[in-house]
Structures are given as structure tokens and as C-alpha cells.
Amino acid sequence: MTTRKISFTLNGEHKEFDVLPNERLLSLLRRNGFKGTKYGCLEGACGTCTVILDGKAVNSCLVFAFQVNGRSVQTVESLGIGEKLHEIQEALVSEGAVQCGYCTPGIVLSAKAMFDENPTPTVDEIKVQIDGNLCRCTGYEKILVAIDKVSKSHNQGGK
Amino acid sequence: MRVKDFIFASKISEVASLMREIGDSAFLMAGGTSTYFIASKTSKVAIDITKLPLKGISRVNDNYKIGALTTINELQKFKDEGWVLDRVARIIANQQIRNISTIGGNLARVFYWSDMPVALLALGGSLKFSGIASRHVKIAEVFSKPHSHKDVFTASILDYIEIPAATKGMGFSYQKETRTYGAFSSATAAAFIKIEEGVISEARVAIGSVLPFPVRLTDVEDFLVGKRPECKLLGEIHFDKLAKMKLMPREFMTDEFCIHLIKIKAKDAICEAMKEAMGGCK
């Protein structure tokens, strides 16, 4: 099987990659150093490989790499500047919503896609948005509180 | 399923000629989330059809026209008075999958746990195909047998789906049992009921997940038509056709439990659809 060239916008920068036809986006990202996108169930159930594709959260384990040709992909590496965390990351830390942290990048990106579309979601809307992100440590309560905190801050003019 | 090559297509005519040219190895793909679950002995050439202009939902008189490449998320978010597919979309898989999966893909690749075929069998309506064999086919006809479904989907490109808008006197319900949240369905049932002058004038009941292919329970439908929509009716349904069907129980379910579960789901769906048709809920 030979590689083919594809190009897409990755974290705001135009990039070109050689991909195998059967390669998944998750594998392409990780072999190019974007390791914030985690290997999990590899069948779309756990959400730890979540990335944002054209503004929507998707499982990179289910998307073939060639499918993102000409599109825009955002990974967790694009959030925060240096030591300064993104507001979603900050809320997760301050509310104690991170334990082992393996699911956290996926949750951050699911929340980010939601806030980009709707800056002030209700708790029910948050639950729907993160229904594809499994967390074995926290029991979800603190994650919901943290994301709701961001929503409330937007409601009070934070964004 | 393994992909040995990929091609991007942006016109229906282009897809049709690619399908002719590539033959059996051609594999139309938009969301692609089902490819993980497709067992294929040979590698495929994926024809990426994401760019085809087959997206969106519009109301045309008493029907909704849904482009084949409309995502499940778009079905979930769409709001209109007679729109009921949001209820089905909301409980399909998880948000990440709903964001990329399309209604066309859900209908083209029928797994026994598939959601949309069951919902659309109950709702009625039709599918418009173009490409090699252009035609308008009733949903019931497409899903009458696995080979009818295969024939129509291998020869043509699904253009759009047409379903009726729910109006006064109509009720629809979709019920699904899963072991865990977002998991594949263990038992699925959907019902559409129309009530005129106090009696059920139209009924469609479909089930899936416990069978290799979704089916309509026509004996149950015949039993319901002409009856008054009362609770006691649910206790009088016999499910004779179901008793003779070859079951496909999932995850260590016994046949007995499988039948029990699907009967409950079907009755729940009929009950909710009757309530809605009577104006009880929406």
C-alpha cells in the first residue's frame, strides 16, 4: 500500500502529510507528535481521542486520515498559551475535575466545540455534549461543575 | 474494513461513473463511523462523498425532505412542529459520532442494532435514489428483505429521504434498550399511530436489534387498526408473527428474555404513540 499526500489546517496552520489509505486520524496525529490525542477504545466509545473537525467534536479513532483533507482539525495542543491554561482547562483544575487525566484532553475539546457554538449552555446541554467522553475516576460530577462554571462565567460577561 | 485507496467526488454523476468503473471494490463513504464494524474479505476503494450537495432538512408541504448526507447531529438539533426524528437522533451513540455520522450511512449499512431503519419503517415515507438506477422507493419496500435493501443500495446513490410531518391526530414513539448509555441497542421498537374519529386509522410498528434485519409487525398493526386507543389494548396484543421469527439475541440474552424485552419496548412505543396521537404529549 502506497502513501498519498493530503493537506489540511491543523491548529490554525496549513499542513501536508503523507498518509496510508487505511490510516486513522488518531494515528496520523500521534505519529506527528500531537500526543494529547489519546489512544483509548479505538471504536468510538470512550472519547479520549476527541478532536475538533470543522467545529465539531469527533472521535479521531473512527475518522480515516484522508477524510480530513481540505478541512480544519484542532487538537488539545492548540489550547492555552505556554503556562497559561485555556479557561476550560483552568476550570477543570480548580474544581478538582482531573484525576488520572487520561480523558481530560477529550473532555476539554468536547467542551470547547460546544462553547464555540453556544457560549452559555445549560447543564442538560453540557451533559449531551460530553455524553461520549468516559471518565473512570471522577464520577463526572466535578467535570459537570467545572464546565458549568465556564458557562456561567460567559453568562456574566466572561466571554 | 480495510481501505486500499481513496477518491474524492464532488458530483453525483462522478460517483456513478466511479462506481461503474471500480465495481465491487467501490465503497461510498461520508461519516465513515461504521467502517470499523464492517467485515470485508477484500480491501476497498473509498469514494469520499462528503462534498456532494446532499445535505439539509426542508419541509415540503406535509413532508420533510432530508438530504442523505445530513448528520445525525443535524437531525437532533432541527426543530419544527411536525419534526420527530430529533427524538431518535438524540439517543443514537454519542455526540462525537452524531456529529459525523449521516442518516444516509445509517440507512445504507444496516447492522442489527441500527436505529434509523426501525424509526423510518414506523414513520413511513420514501427514499429517492439517483445515479446508475434513479428511482423513488417506499421505505417499506427497501427494508422488506435484506436482499431488496442490498440491491437498491449497491446499484444507486441515496439522494434524500422523505418522511411525513406529524400533525394533529398522529403520534410517534421510538424506544430503545441498551446495556449502558450510548451502547448499541439490545432491543429497539418504534410505533406510528394515527387516530381519526376516536379510532386508530393507521398503525405502523417496527422492531430491530433482536433480529438480523429490522421488520414491521404487520399482525400487530392489523390488530390495532379500527380499535379505540385504550390502555387495555396493550394487554390484548399477541405478537404472533414475532413468535415465529428467527431471533438474534445480543450479549448473552436468552431467546425468552429477548422476546420479553422486545414486547415491552414495542408496547411502550405503541402506548406513547397513542398518547401523543390523542394529544397527550409531544
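Per chain, numbering begins at 1; letters A, B, ... match sequence-line order.
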Heavy-atom proximity to chain B below 4.5 Å, by part of [X]:
{"X": "A/I52", "result": "neither"}
{"X": "A/E125", "result": "neither"}
{"X": "A/S110", "result": "side chain"}

Evaluate whether atom [atom1] of [X] has more than 12 neighbouring non-hydrogen atoms of other residues, nucleotides or ligands under 6.0 angstrom away.
{"X": "A/R31", "atom1": "CZ", "answer": "yes"}
{"X": "B/K11", "atom1": "NZ", "answer": "no"}
{"X": "A/K142", "atom1": "NZ", "answer": "no"}
{"X": "A/K84", "atom1": "NZ", "answer": "no"}

ask   = Is it the side chain or the backbone of B/A183 that comes within 4.5 Å of chain A heavy atoms, both, or neither?
value = neither
query = Does any heavy atom of chain A fall under 4.5 Å from the side chain of B/D48, the backbone, both, or neither of them?
reply = side chain
Any side-chain heavy-atom pair of [X] and [Y] under 4.5 Å:
{"X": "A/K56", "Y": "B/I100", "value": "no"}
{"X": "A/V58", "Y": "B/R98", "value": "no"}
{"X": "A/F66", "Y": "B/V3", "value": "yes"}

inquiry  = Keeping A/R4 on the side-chain end and B/F6 on the backbone end, is there a donor-acceptor pair under 3.5 Å?
reply    = yes
key: Check: B/N94 side chain, A/G44 main-chain N or O, donor-acceptor pair, under 3.5 Å   = yes
ask   = Can you name the nearest heavy-atom pair linking B/N99 to A/A57, along with the distance?
value = ND2-O, 2.7 Å
key: Atom of B/M1, atom of A/N22 and distance for their closest heavy-atom approach   = O-OD1, 3.8 Å
note = Rounded to the nearest 0.5 Å, the OH atom of B/Y36 sits from the CG atom of A/L62 at a distance of 9.0 Å
key: A/L20 CG to B/K4 NZ distance, which is reported to the nearest 0.5 Å   = 15.0 Å
task = Dump the intermediate steps for side-chain contact (heavy atoms from CB on, under 4.5 Å) on B/Q95 and A/K127, then the final yes or no.
result = CA-CA 10 Å; B/Q95 191 59 53; A/K127 282 182 185 170; over 6 Å; no
inquiry  = Hydrogens and angles aside, do B/Q96 and A/D131 bring a side-chain donor and acceptor to less than 3.5 Å of each other?
reply    = no
Top contributor to chain B interface from A/D54, A/I130, A/N133 [non-hydrogen pairs under 4.5 Å] = A/N133
ask   = Can you tell which of A/E43, A/R24, A/E23 has the highest number of heavy-atom pairs within less than 4.5 Å of chain B?
value = A/E43
request  = Find the one option among B/T35, B/N73, B/T50 whose heavy-atom pairs under 4.5 Å with chain A are most numerous.
outcome  = B/T35
